[in-house]
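Below is one structure, written out as structure tokens; comments come after it.
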Amino acid sequence: MMRTLTFGIEIETVGQTRQTVAEAIRTVVGGRVEYAGGTYEAWHTVDATGRIWKVVTDASLSATRDRQAEVVSPILKYEDLEQLQEVVRAIRRAHARVDASCGIHCHVGAAPFDARTIANLVKIIHKQERLIEKALGISEARLSRWCRPIEQSFLDKIEKQRPRTLDDLNVAWYGYHNHTPTHYDGTRYHGLNLHNVWFRNTIEMRYFGGTLHAGQIKAYIQFVLALAAKALAAKSASSKRREYDPATARYDFRVFLLGLGMVGDEFKTARHHLLANLDGSSAWKHGRPAQRTA
């Protein structure tokens, strides 16, 4: 199912001009580069198929305005992953870089979801959120501001009210029926951002720190798509929080990834990147058993 979902990505960078980054993208996707201007002083790379890759400013970045370059992809499909990786490599070769102010935001098209399956996603992530945060190496500064955890009050509404429609879910998310969501609504700054369901028809995940490593970015997207597919396929989900145990974290997260369907050689590199920050053994929960003597 994950291969049928659409996605998009925002990649924040510093150290290079937006025009240069847009030109780097063009070397991969073809087409033309043009200055679009506006509030975000955007440059557009219109690729050979007519899709627009935007490169815009972002005031949250540490660089001066002329060296802020946030790449906003067009709507992509699973088969576009390889091209996206080449785009990332081209941006890195153009001497853009990331620092602690940068992040990665992954979006999944919300069209296949309803209130029940979005609630499934909330519960699946809440259950493993501490483990996800540790696996992704999210700093306390980012957790406290840009990608806050799922709020207990929102989860309680999901559990008790069991929203049946997206309007019901809207009220649970905002605390009132928000008919006209605006871009910078304060609820957007959560690791799982449902504000975008009503603002741009996507589900956004903001847990990821900045990187221009093509393999890591592919791993992040595969992880997000696997979570979304699991939520869509599940009849129900449990939200009971799993306690984080550093001694078994690597094993626990590997089991979680396998449960999401990230099995086999296709996801081998993704598992490598997603397990890299965790301690312990990925194969043995309590360490390798002592080898028996003859």
Side-chain angles (χ1 to χ4, degrees), residues 10 60 103-209 220 223-246 249 252-253 256 259-260:
E10 300 165 18
S60 70
I104 299 281
H105 305 156
C106 297
H107 296 253
V108 179
F113 287 83
D114 58 18
R116 181 186 65 82
T117 50
I118 291 176
N120 282 347
L121 182 63
V122 172
K123 294 174 186 179
I124 291 167
I125 291 177
H126 179 266
K127 182 174 183 176
Q128 304 284 0
E129 199 167 31
R130 294 288 87 79
L131 191 55
I132 291 170
E133 291 165 359
K134 296 295 184 180
L136 298 177
I138 309 172
S139 70
E140 290 299 323
R142 292 190 68 80
L143 282 174
S144 64
R145 185 174 182 184
W146 304 116
C147 55
R148 301 194 300 269
I150 293 169
E151 294 182 5
Q152 186 63 46
S153 59
F154 174 61
L155 182 69
D156 289 344
K157 292 175 185 176
I158 293 289
E159 294 282 22
K160 294 176 182 178
Q161 299 173 8
R162 297 186 179 182
R164 295 183 179 182
T165 68
L166 289 179
D167 281 346
D168 293 340
L169 195 65
N170 178 290
V171 173
W173 178 259
Y174 294 107
Y176 64 99
H177 196 178
N178 189 347
H179 296 277
T180 56
T182 58
H183 186 190
Y184 290 109
D185 188 275
T187 64
R188 72 199 290 260
Y189 299 112
H190 287 84
L192 175 61
N193 170 26
L194 298 187
H195 166 65
N196 270 349
V197 171
W198 298 280
F199 181 67
R200 59 177 56 161
N201 201 32
T202 69
I203 295 170
E204 181 184 23
M205 298 190 201
R206 302 169 56 92
Y207 292 103
F208 311 100
Y220 294 163
F223 178 53
V224 166
L225 292 176
L227 282 167
K230 183 73 170 181
L232 286 166
K235 292 183 178 179
S236 62
S238 168
S239 64
K240 185 177 180 181
R241 176 80 76 178
R242 180 184 291 276
E243 294 301 321
Y244 174 72
D245 182 351
D252 293 339
F253 200 61
F256 178 49
L260 293 177

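We count residues from 1, following the sequence as given.
Taking the six-membered ring for Trp and the full ring otherwise, the centers of His105 and His107 sit at least 6.0 Å from each other.
Contacts of Glu159 classified as side chain to side chain donor-acceptor pair (under 3.5 Å), with partners at least two apart in sequence or in another chain: Ser239. Annotation: side-chain contact (heavy atoms from CB on, under 4.5 Å) contacts of Asp252 (sequence neighbours excluded): Leu131, Thr248, Lys285. Tyr220 is linked by a side chain to side chain donor-acceptor pair (under 3.5 Å) to nothing, counting only residues two or more places apart in sequence or in another chain. Asp245 is linked by a side chain to side chain donor-acceptor pair (under 3.5 Å) to nothing, counting only residues two or more places apart in sequence or in another chain. Considering only residues two or more places apart in sequence or on other chains, Arg148 meets the side chain to side chain donor-acceptor pair (under 3.5 Å) condition with none of them.
Minimum heavy-atom separation, Leu194 to Val122: CD1-CG2, 4.0 Å. Scanning both residues, Val108 and Ala228, for their nearest heavy atoms gives CG1-CB, 4.1 Å. Closest non-hydrogen pair, Pro163 versus Asp168, comes out as CB-CB, 3.5 Å. Taking each heavy atom of Leu169 and Ile158 in turn, the nearest pair found is CD1-CD1, 3.3 Å. In plain terms, the two heavy atoms of Val224 and Cys106 that are nearest each other are CG2-CB, 3.9 Å. The nearest pair of heavy atoms linking Phe154 to Ala172 is CD1-O, 3.4 Å.
A donor-acceptor pair under 3.5 Å is formed between the side chain of Lys230 and the backbone N or O of Gly259. A donor-acceptor contact shorter than 3.5 Å links the side chain of Glu129 to the backbone of Ile150. In terms of modelled atom types and a separation under 3.5 Å, the side chain of Asn196 and the main chain of Thr202 share no donor-acceptor contact.
The structure places CG of Leu155 at 4.5 Å from NE2 of His126, a figure rounded to the nearest 0.5 Å. Rounding to the nearest 0.5 Å gives a distance of 9.5 Å between NZ of Lys235 and CZ of Arg116. Distance CZ/Arg188 to OG1/Thr182: 9.5 Å, rounded to 0.5 Å. Atom CZ of Arg241 sits about 7.5 Å away from atom CD of Gln152, to the nearest 0.5 Å. Going from atom CZ of Phe208 over to atom CZ of Phe223 covers 6.5 Å, rounded to the nearest 0.5 Å. The distance from the CG atom of Leu192 to the CG atom of Leu227 is 9.0 Å, given to the nearest 0.5 Å.
Between the side chains of Thr117 and Asp114, at least one donor N or O sits under 3.5 Å from an acceptor N or O. In the model, Asp167 has no side-chain atom that pairs as donor or acceptor with a side-chain atom of Thr165 under 3.5 Å.
Taking the side chain as every heavy atom from C-beta outward, Trp173 and Leu166 never approach each other to under 4.5 Å. You'll find the side chain of Met205 reaches within 4.5 Å of the side chain of Ile125, heavy atoms only. Put simply, the side chain of Tyr189 does not reach to within 4.5 Å of the side chain of Asn193, judged on heavy atoms.
Taking the six-membered ring where tryptophan is involved, the planes of His195 and Phe199 are essentially parallel, since the angle between them stays under 30° and well short of 60°.
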What do the steps show when you test Asn170 against Val197 for side-chain contact (heavy atoms from CB on, under 4.5 Å), and what is the final call? CA-CA 9 Å; Asn170 178 290; Val197 171; over 6 Å; no
Result block: side-chain N/O donor-acceptor pairs under 3.5 angstrom for residues 133-144, not counting sequence neighbours:
residue: Glu133; atom: OE1; partner: Arg130; partner atom: NE; Å: 2.9
residue: Glu133; atom: OE1; partner: Arg130; partner atom: NH2; Å: 3.2
residue: Glu133; atom: OE2; partner: Arg130; partner atom: NH2; Å: 2.7
residue: Ser139; atom: OG; partner: Arg142; partner atom: N; Å: 3.2
residue: Arg142; atom: NH1; partner: Cys102; partner atom: O; Å: 3.4
residue: Ser144; atom: OG; partner: Glu140; partner atom: O; Å: 3.2
residue: Ser144; atom: OG; partner: Ala141; partner atom: O; Å: 2.9

